[in-house]
Amino acid sequence: MLKAARPLITPERLYLAALGLSGLAALCSIALAPAERGQLVASIAGATLGSAIGGVSIDTFLMSRPRGWVWGRGGPWILAIMLGCILLSGAVSSVVIAVAGIGSYSVAIGAGCCLTIFNACSSLALRIQKFRFVYAIRAIGGLALIAGYGWFYLRGQLSGLAWSTAYLVAQALAAATIGIAVVRWALRARSNGLVEPTPER
């Protein structure tokens with residue numbers, strides 16, 4: 001059944017679904033009072049800006065390298081550059097929250113680091129043409145976030161901090177999922193004596 005549905009689940013459709021679900025998740029914030037919404041938006045903005053600035057375009061850098069160049073550097077090299085970007089993302093996120101004077105430091109820093117991990121690992125996955133996998137994770141993450149917001153709404157828990165925590169959990173799960181997958185592909189390629197994991201067929 002999954003094989004029959006595979007031609008219908010194209011990377012383009014998954015990408016559009018991910019964008020739509022992300023937009024819908026953002027619209028869900030109108031259910032919060034202005035002050036609580038401000039807390040949520042500030043935390044998300046802190047995470048997003050932290051990853052965008054602190055991540056120093058690591059995803060673009062990794063995708064632009066010639067075939068075999070990134071994986072050929074080895075795990076320690078990739079981990080070192082990612083660790084530097086993660087720490088910088090956390091620092092920038094904290095500065096954004098401090099300047100805004102509103103929002104959660106823990107959520108902004110944690111989600112900013114998770115976004116950096118997700119973006120870097122996504123670029124590694126896209127290098128080997130795992131388009132469906134990457135966009136499916138983004139779509140599922142958006143769906144999970146909407147479900148989390150809906151759960152809080154039905155329970156009458158209209159706290160900006162609680163909704164921000166749901167955002168953090170969604171980003172952490174997405175980052176962990178794709179991070180584990182990338183490590184598995186790299187280890188499998190290494191055991192097979194390959195410089196770079198085999199592209200998806």
Side-chain angles (χ1 to χ4, degrees), residues 1-32 37 40-65 67 70 82 85 89 93 107-108 110-154 163-185 197-201:
M1 184 176 180
L2 290 176
K3 286 187 177 180
R6 185 180 175 84
L8 300 176
I9 307 175
T10 64
E12 293 81 5
R13 289 173 179 169
L14 286 171
Y15 178 74
L16 290 174
L19 288 179
L21 289 168
S22 296
L24 184 57
L27 285 176
C28 288
S29 65
I30 63 175
L32 298 176
R37 190 186 312 134
L40 172 63
V41 172
S43 298
I44 294 176
T48 304
L49 288 174
S51 176
I53 299 173
V56 293
S57 299
I58 182 176
D59 50 344
T60 304
F61 171 74
L62 293 177
M63 286 193 69
S64 66
R65 298 301 86 196
R67 177 172 174 78
V70 175
M82 284 188 63
C85 290
S89 295
S93 294
V107 171
C113 293
C114 289
L115 284 170
T116 299
I117 294 172
F118 181 85
N119 291 337
C121 290
S122 291
S123 68
L124 294 174
L126 292 174
R127 284 179 63 88
I128 54 176
Q129 301 174 22
K130 302 288 185 179
F131 301 109
R132 283 188 179 88
F133 184 77
V134 172
Y135 299 143
I137 291 178
R138 289 189 61 180
I140 293 171
L143 189 61
L145 184 57
I146 292 172
Y149 287 165
W151 172 255
F152 283 137
Y153 181 79
L154 292 175
W163 286 41
S164 297
T165 303
Y167 175 79
L168 170 59
V169 171
Q171 302 311 317
L173 289 175
T177 301
I178 197 165
I180 292 172
V182 167
V183 170
R184 288 181 60 189
W185 295 330
T198 305
E200 188 176 68
R201 298 296 180 185

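Along the sequence shown, residues are numbered consecutively beginning with 1.
- Taking both residues in full, the closest heavy atoms of Ser89 and Gly54 are given as OG-C, 3.4 Å, listed atom of the first, atom of the second, then distance.
- Atom CD1 of residue Ile53 and atom OG1 of residue Thr48 lie 10.5 Å apart, to the nearest 0.5 angstrom.
- Interatomic distance, Leu21 CG to Leu16 CG, rounded to the nearest 0.5 Å: 11.0 Å.
- Classified by interplanar angle (parallel below 30°, tilted 30° to 60°, perpendicular above 60°), the ring pair Trp163/Tyr149 is parallel.
- Side-chain contact check for Ile137 versus Phe118: some heavy-atom pair is nearer than 4.5 Å.
- Closest heavy-atom contact between Ala18 and Ala139: CB-N, 3.7 Å.
- For the pair Met82 and Ala120, the tightest heavy-atom approach, listed with the atom from each and the gap, is CE-CB, 3.9 Å.
- Between atom CG of residue Leu19 and atom CG of residue Leu24 there is a gap of 12.5 Å, rounded to the nearest 0.5 Å.
- In this structure, Val107 and Ser164 approach most closely via the heavy-atom pair CG1-O, 3.4 Å.
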(request) Decide side chain to side chain contact (heavy atoms under 4.5 Å, CB included) for Ile58 and Asn119; before the verdict, give the C-alpha distance in whole Å, the side-chain angles of both, and the deciding distance to 0.1 Å. (result) CA-CA 8 Å; Ile58 182 176; Asn119 291 337; 5.5 Å; no
(request) Report the C-alpha distance between Phe133 and Ile178 in whole Å, list the side-chain angles of each, state the deciding distance to 0.1 Å, and finish with yes or no for side chain to side chain contact (heavy atoms under 4.5 Å, CB included). (result) CA-CA 8 Å; Phe133 184 77; Ile178 197 165; 4.1 Å; yes
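- Leu143 CG to Ser22 OG: the interatomic distance, rounded to the nearest 0.5 Å, is 10.5 Å.
- Expressed to the nearest 0.5 Å, how far CD1 of Ile44 lies from CG of Leu49 amounts to 12.0 Å.
- Atom CG of Leu14 is separated from atom CD1 of Ile9 by 6.5 Å, given to the nearest 0.5 angstrom.
- Across Thr116 and Cys85, no two heavy atoms sit closer than the pair CG2-CB, 3.9 Å.
- Under the 3.5 Å distance criterion, the side-chain polar atoms of Ser43 are left unmatched by any main-chain donor or acceptor of Ala108.
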(request) Could you check Arg138 against Tyr15 for side chain to side chain contact (heavy atoms under 4.5 Å, CB included), going step by step and ending with a plain yes or no? (result) CA-CA 8 Å; Arg138 289 189 61 180; Tyr15 178 74; 3.8 Å; yes
(request) Give the intermediate values and the outcome of side chain to side chain contact (heavy atoms under 4.5 Å, CB included) for residues Thr10 and Tyr135. (result) CA-CA 10 Å; Thr10 64; Tyr135 299 143; over 6 Å; no
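- Put simply, the side chain of Ser51 never gets that close to the backbone of Ala47: no donor and acceptor are under 3.5 Å apart.
- Of all heavy-atom pairs spanning Met63 and Arg127, the tightest one is O-NH1, 3.6 Å.
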